[in-house]
Amino acid sequence: MSAPEQPGGGERLVGEVRAGRGGAMTDEVGVVTGDLTVATTVQADGLAAVTLQYTGAEEWYTLTGSPVDVPAEGLQHLHDTVLNKIRSGGEARSPR
């Protein structure tokens, strides 16, 4: 499964999650719910873009609040945090 390419991008992590009650907020279409595929990608500027799609779909959406700084704990920590926030629902957004 591939996530959208980020121009000049680097490391990319992809995972699947079922959104909790209230789903995840996107810039393009508002709240999305259900089974989602999430990609966390380091961009050329060093920030991490967080995008998601309905699992099995083709169109990707930006998780509101993305891009974000990669924390000192690394990209995997950020990706896991995003997945946990989406799993919790409540119109989840990228962590600050």
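- A salt bridge (Lys or Arg N to Asp or Glu O under 4.0 Å) check over residues 31-43, counting only residues at least two apart or in different chains, returns the pairs R18-D35.
- Looking at T64, its side chain does come within 3.5 Å of a backbone N or O of M25 through a donor-acceptor pair.
- Here S94 pairs with nothing under the side-chain hydrogen bond (donor to acceptor under 3.5 Å, both in side chains) rule; sequence neighbours left out.
- With sequence neighbours excluded, the residues forming a side-chain hydrogen bond (donor to acceptor under 3.5 Å, both in side chains) with E28 are T62, listed by chain and number.
- Using a 4.5 Å cut-off on side-chain heavy atoms (C-beta onward), L52 and I86 make contact.
- Across all their heavy atoms, L63 and A24 have their closest contact at CD1-CB, 3.9 Å.
- With sequence neighbours excluded, no residue satisfies side-chain hydrogen bond (donor to acceptor under 3.5 Å, both in side chains) with E91.
- G23 approaches T33 most closely through the heavy-atom pair CA-CG2, 3.9 Å.
- Across all non-hydrogen atoms, the minimal contact from S66 to A48 is OG-O, 3.8 Å.
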Could you pull out all donor-acceptor pairs under 3.5 Å where a side-chain atom in residues 68-80 meets a protein atom, sequence neighbours excluded?
{"residue": "Q76", "atom": "NE2", "partner": "D80", "partner atom": "OD1", "Å": "2.9"}
{"residue": "H79", "atom": "ND1", "partner": "T40", "partner atom": "OG1", "Å": "2.7"}

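- With L83 as reference, V17 is the one residue of V17, L36, L13 to meet the side chain to side chain contact (heavy atoms under 4.5 Å, CB included) rule.
- Across all non-hydrogen atoms, the minimal contact from P95 to T81 is CG-CG2, 4.1 Å.
- Cluster membership check: Y54 shares its hydrophobic cluster with V82, using side-chain heavy-atom separations under 4.5 Å among Ile, Leu, Val, Met, Phe, Trp and Tyr.
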